[in-house]
Number of protein chains: 2
Amino acid sequence: MTAGAEIDWADHALTTLQEAGHRRGGARTAVVEALAAHDCAVTALDLDDELARRRPRVARASVYRALEQLEQLGLVRRIEVGRGVAGYERVDPTGHHHHHAICRDCGRMVPFEDRSLERAIGKLCEDLDFEVAEHDVVLRGRCQHCSL
Amino acid sequence: MTAGAEIDWADHALTTLQEAGHRRGGARTAVVEALAAHDCAVTALDLDDELARRRPRVARASVYRALEQLEQLGLVRRIEVGRGVAGYERVDPTGHHHHHAICRDCGRMVPFEDRSLERAIGKLCEDLDFEVAEHDVVLRGRCQHCSL
DNA sequence: AAGCTTAATGAGAATGAATCTAGTTTGCGT
DNA sequence: ACGCAAACTAGATTCATTCTCATTAAGCTT
Ligand SMILES: [Zn+2]
Ligand SMILES: [Zn+2]
Ligand SMILES: [Zn+2]
Ligand SMILES: [Zn+2]
């Protein structure tokens, strides 16, 4: 990973927001910065927690609102991290991405990427009567730590 | 698909439940029958709705409890059908299964299966420091009907 | 720089899927 | 038939997420 990828992303995100006609507000900027600091998925409540100590406090509603807008613009992707909780992670504009293995026992998320998986998905999407915009792969089981 | 696959599954499910030490109760049996009648995912609330007219009425809590037990025994699998709603579908004991493309606009679910996708997943699971029990693939976009 | 328009924000209420609780019923071994 | 634990029902509760609305402030316009 190239150093400063997060900073680049935050910059890119703020620019895209502006170009989409959004004003520049403190709460949303804080959410973007917080997201930039994580390279894998975080829940909205985790973000809310991180931003709770700011002054003025970032409201929970603002976190959700920002995440929704970012998702709409394709700047973050939303993934289900189990039992009705959503995780959000920044989207690399190059399309480079990873998927997740989630431990049933401890909830740990192990990211992975696989070239031939992507190839298979790309191919099957062509043959499908469906305009596929994004895909999600989740593996569930026991992580190395829990399967001892 | 062989005729009566649902009946076979209901039978198999009830037997497995019994072997696991469960008593035979009306509510759970009703849930099994309802699941057997669907060959793709249904939400718990849909099931609750279907079973609402029964006498005596099947309680919502019973639907959720039955689904959880069935999932525990590997008889149904739970999939996220979007925005914090779970869908459940019966598991074919042979391991034969499909995945889903979900329309962003209308919510329609289009099931698909792909041999080389499964092969890719099988292979990458071997190379992973993770004991993978199941996998899930979700494609999101616009269905044929909504992309006109 | 002051005024204006309207997006953005904060606080708290509302929603809705999922879970829990308590009291009742029922399956099943004795 | 009896007794006990499992299963059931109805309703309360939890908790992530969404909504409402009064307030603040970004960024034009003059
Ligand atoms: Zn990730
Ligand atoms: Zn991928
Ligand atoms: Zn299905
Ligand atoms: Zn598969």
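When the side chain to side chain contact (heavy atoms under 4.5 Å, CB included) test is applied to B:V32, the partners found at least two apart in sequence or on another chain are B:W9, B:A10, B:A13, B:L14, B:L17, B:L70. For B:E50, the salt bridge (Lys or Arg N to Asp or Glu O under 4.0 Å) criterion is met by no residue, not counting sequence neighbours. Not counting sequence neighbours, the partners of A:E71 by the salt bridge (Lys or Arg N to Asp or Glu O under 4.0 Å) test are B:R83. In this structure, the side-chain hydrogen bond (donor to acceptor under 3.5 Å, both in side chains) partners of B:D92, at least two apart in sequence or on a different chain, are B:T94.
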Do any side-chain atoms of residues 53-65 of chain B form donor-acceptor pairs under 3.5 angstrom with protein atoms, and if so which ones, sequence neighbours left out?
residue	atom	partner	partner atom	Å
B:R54	NH2	B:E33	OE1	3.1
B:R60	NE	B:D48	OD2	3.0
B:R60	NH2	B:D48	OD2	2.9

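Listed by first and then second residue, the side-chain hydrogen bond (donor to acceptor under 3.5 Å, both in side chains) pairs involving residues 14-23 of chain B amount to none (not counting sequence neighbours). The salt bridge (charged side-chain N to carboxylate O under 4.0 Å, His left out) analysis of residues 94-112 of chain A, with sequence neighbours excluded, yields the pairs A:R104-B:E134, A:D105-A:R142. The stretch residues 121-140 of chain B participates, sequence neighbours left out, in these ring-ring contact (aromatic ring centres under 6.0 Å, His included) pairs: B:H97-B:H135, B:H99-B:H135.
Note: CZ (A:R57) to C1' (D:dT24) measures 17 Å, nearest angstrom. Nucleotide D:dT9 holds its C1' atom 15 Å from the CZ atom of B:R28, rounded to whole Å.
For the OP1/OP2 pair of D:dA6 and a distance below 4.0 Å, the side-chain nitrogens and oxygens of B:H22 include no atom meeting the criterion.
Connectivity analysis of hydrophobic side chains (ILVMFWY, heavy atoms under 4.5 Å, direct or indirect) links A:V81 to A:I79, A:V85, A:I102, A:M109, A:V138.
A 4.0 Å heavy-atom criterion places the boundary nucleotides of DNA chain C facing chain A at C:dT5 to C:dG12, written 5' to 3'.
When all heavy atoms are compared, the tightest approach of B:A34 to B:L51 is CB-CD2, 4.2 Å. Here the shortest heavy-atom pairing between B:H98 and B:C40 reads NE2-SG, 3.6 Å.
Near DNA chain D, defined here as any heavy-atom distance below 4.0 Å, there are no residues from residues 45-55 of chain B. DNA chain C lies under 4.0 Å from at least one heavy atom of each of the following residues of residues 59-79 of chain A: A:A59, A:A61, A:S62, A:R65.
When distances are taken from the side chain of B:R23 to each of D:dT18, D:dC4, D:dC8, the shortest belongs to D:dC4.
The residue among A:G26 and B:G84 whose nearest nucleotide of DNA chain C lies closer to the 5′ end is A:G26.
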